[in-house]
Amino acid sequence: MDTDKHTMTPEEEERLIEAEFQDVLNGYLKSNHRKKVEIIERAFRFAKKAHGGIRRRSGEPYILHPIAVAKIASQEIGLGSTSICAALLHDVVEDTDYTVEDIEQQFGKKIAELVSGLTKISGGIFGDKASAQAENFRKLLLTMSEDIRVVLIKMADRLHNMRTLGSMAPNKQYKIAGETLYIYAPLAHRLGLFEIKTELEDLSFKYEHPAAYARIANMIKESEERRLAVYSDFSTPIVEKLRGMGLQFEAKARVKSVYSIWRKMETKHVPFEEVYDLYAMRIIFKCDDAAQEKTICWNIYSAITDIYRLHPDRTRDWISNPKANGYQALHLTVMGPDGNWVEVQIRSERMDEIAEKGFAAHWKYKIGEGEEESELNVWLRTIKDILDDPNPNAVDFLDTLKLNLFAAEIVVFTPKGELITLPQKSTVLDVAFALHSQIGTKCIAGKVNHKLVPLSHRLQSGDQVEVLTSQSQTPKPEWMSILATAKGRTRLRAALRREQTPFIEKGKEILQKYLDDAEVKATNEIITKMMAFYHVTTREALYYKLGVGELSLDGYILKESPKTSPGLLKKIFRIGTGKKEQPETPTIITPPKVNTKEVYRLHLDENEQNFLFADCCHPIPGDDVMGYLNDNGQVEVHSLTCPRAQVLKASFGPRIVAIEWESVQKSFLAHIVIEGVDRHGILQELTQMISNHLNIDIRSLHIDTDKEVFHCRLSVLVSDTSAVNSLCSKVKKIKGVQSAMRHES
């Protein structure tokens, strides 16, 4: 906007106001909201009349501020007509003689409620009292848990105030900038308003540290040409490969914000030239089918890791586990051709819209009331915990609030007061490994807020944690279940490997001697079969169990098999099946040549199969699955929901294969849980329907009754997921049955 609006003639101001409002309307008409232009027009005329003759501190007509707020709410956050009207009217009740009742009479109850909520939290924005501000935030968050649109409009209001902060006195600039950086920017982040969060941080930094801001902004500008050349070298092979895969996508460089560069320079104590991750690459692909987004993300991931070396500790899967604010994307970090690490963010267009405009705008008011309750909604309710006890100390209140803004993360303190940020459900052991591997492996307990606790104690935000160690302590495999951090798990695995190495070597010798005595060569095929029989997932685990004496090979092969390779091989294959319903003849698994760039089709019949089922999950035809190329070149099939699959995707990108079910002629075991109200004859009716009418083999049935309620676990042999769905659908029609659903285990 023109900065000299206050020098305009009344006619020029009138034209400007109408043009700015038309800009709001045009943006709204391009959106996918229902077109309620008439009520927006009325709200604008009402607000324009109410604010007639009033000017802002900059000298411009006051009505331009509500118009700007409405534009941000509509075009940058994605809100609809109700919010646009509330934004246009948000200062009417506070600054004029009109009341909330007047608004309700003219525009209805919902708009009046939003205006009322905004009026309650408007005091103190440019006030002088910090304690008034604390009370203001309390009101803001209480209102937020009732209707989140109040806070979204408030964010739009704050952003416009920050954009026009230049007209304020310097001391007010400093205060408002500090308040924005301390509360509003984290709140925007928590709500998924990433663009707004970044702009609030940069604007706050600009007014708090103008010289540093100007210096860094200038250095970014000066390094642009060199940076673009580096980005071009990095991105060209990726773009070519993705085009070859037939994807429709946009690839762009995302430059770090001025504030985030400055913060990295300050915290890492490095000069500008050493902030290597100045830019990240963002890939946004078109996908009309939301069910395919996950697969495409991992296919792109696999393509990139075929070109560049992956940083194993910096893969972030926000698709399987979205952030609390709804953010979804797949992040990986790879080494570029210049030797520096580059982050790549992979998103669909839908994910990108949520990331840029904020999940809150989609969460309830676009998708509808029937959506599953989001973590954000839960967080909004838990905020009330810190609001119920009125705290007279404003600084303490704001500190408490600050910690609670990052509810998906917790912040704990060392005895020296250093901050450690951890995921929720982190334990004392996570802190120990975060500090150092040696502290983690020697950890025996902890002191949390000066009280002795076990190393499995789960921490809360704000806890002070002291780790207690003992030189006699050794790492335990069972610790893995109490660790919440990737760093902790990685360091524990490394420590366990060091501890287990002597036993692994011993086990390897035991197995080698045993096979030598049997005159059998230790091929990949034989070792794989033995791993399956003993239910271990790695060779190291097999060797370790042999080395420590947990497994014994005596009598396993030699006493019942001739000392010939084919006979021995057949015996291992037969023992390794372990289930009576499996055929006694060996299944031949032919390792095919697999092209990871193409979709691999799964085939299985009586004589041959071209894949292996993973032991960690039990997918059946029709399930969403992924393939993993094991050491023998065979395709292992994992369910996409399998925890092991998540690890494989993060660690072995080039080995991930897109797969689909083709010709699989076999029955699979599926587990179904049925619950309902008990009555005479219901079990007989249930079994008759399954066996006789649906012609499905029942493998096991277990039923418990508690008073009038029954709980049934049923295992059946089926051909695919459609058979399971059909079975559940028909079972639910039996009188008394309340639910019937497949269970993974």
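These numbers come from a predicted model, not from an experiment.
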Donor-acceptor pair, D463 side chain versus V465 backbone, under 3.5 Å?
no
Take Q471 and K442 through the side chain to side chain contact (heavy atoms under 4.5 Å, CB included) test and state the conclusion after the steps.
CA-CA 6 Å; Q471 285 308 307; K442 300 297 179 187; 4.2 Å; yes
Shortest non-hydrogen contact from H603 toward N610:
N-OD1, 2.8 Å
Considering only heavy atoms from C-beta outward, does the side chain of C728 approach that of I672 to under 4.5 Å?
yes
List the steps and the verdict of side chain to side chain contact (heavy atoms under 4.5 Å, CB included) for V431 and S426.
CA-CA 8 Å; V431 173; S426 290; over 6 Å; no
Do any N or O atoms from the side chain of T236 and from the backbone of D233 form a donor-acceptor pair under 3.5 angstrom?
no
So, for I510 and G547, which heavy atoms are closest and what is the spacing to 0.1 Å?
CD1-CA, 4.4 Å
Shortest non-hydrogen contact between L435 and R491, atoms and distance:
C-NH1, 4.3 Å
Can any side-chain N or O of D623 pair as donor or acceptor with the backbone N or O of I620 at less than 3.5 Å?
yes
Over 12 foreign heavy atoms within 6.0 Å of CZ, F503:
no
R458 side-chain N/O to K425 backbone N/O, donor-acceptor pair under 3.5 Å
yes
Identify the two heavy atoms, one from L429 and one from C443, that lie closest to each other, and give their separation to 0.1 Å.
CD1-CB, 4.0 Å
Within this structure, what is the CD-CZ distance for the pair E293 and R347, rounded to the nearest 0.5 Å?
12.5 Å
Should we count CE of M480 as having more than 12 external heavy atoms under 6.0 Å?
yes
So does R309 have more than 12 non-hydrogen atoms from other groups sitting under 6.0 Å from CZ?
no
Just so I know, are the side chains of L629 and V635 near enough to count as touching, which here means a heavy-atom distance under 4.5 Å?
yes
Between R742 and T721, is any pair of side-chain heavy atoms under 4.5 Å apart?
yes
Donor-acceptor under 3.5 Å (D430 side chain, A484 main chain):
yes
Side chain proximity check, W479 to L455, heavy atoms < 4.5 angstrom
yes
Interatomic distance, K666 atom NZ to L604 atom CG [nearest 0.5 angstrom]:
5.5 Å
Residues L496 and P475: closest non-hydrogen pair is CD2-O, 3.7 Å
K545 side chain vs Y543 backbone, donor-acceptor pair below 3.5 Å:
no
On a heavy-atom basis, the closest approach of I319 and Q328 is O-NE2, 3.3 Å
So CG of L546 and CD1 of I504: to nearest 0.5 Å the spacing works out to 11.0 Å
With F249, which residues qualify under ring pair (Phe, Tyr, Trp, His ring centres under 6.0 Å), at least two apart?
none
Could you grab the distance from atom CG of L242 to atom CD1 of I307, nearest 0.5 Å is fine?
7.0 Å
Can you establish whether the number of heavy atoms outside Q460 located under 6.0 Å from its atom CD is more than 12?
no
Straight-line distance of L330 CG to S348 OG, nearest 0.5 Å:
11.5 Å
Checking side chain to side chain contact (heavy atoms under 4.5 Å, CB included) for the pair W298/I346: CA distance, chi angles, key distance, verdict?
CA-CA 9 Å; W298 284 110; I346 305 167; over 6 Å; no
So, the side chain of T427 versus the backbone of I482: is there a donor-acceptor pair under 3.5 Å, distance only?
yes
Do V453 and V428 make a side-chain contact, defined as non-hydrogen atoms from C-beta onward lying under 4.5 Å apart?
yes
Drop me the distance from I439's CD1 to F433's CZ, to the nearest 0.5 angstrom.
10.5 Å
Would you mind reporting whether T333 and H331 have side-chain heavy atoms less than 4.5 Å apart?
no
Plane angle bin for Y308 and F234 - parallel if under 30°, tilted between 30 and 60°, otherwise perpendicular:
parallel
Does some side-chain heavy atom of E540 sit less than 4.5 Å from a side-chain heavy atom of Q500?
no
Do L602 and E662 have side-chain heavy atoms sitting under 4.5 Å apart?
no
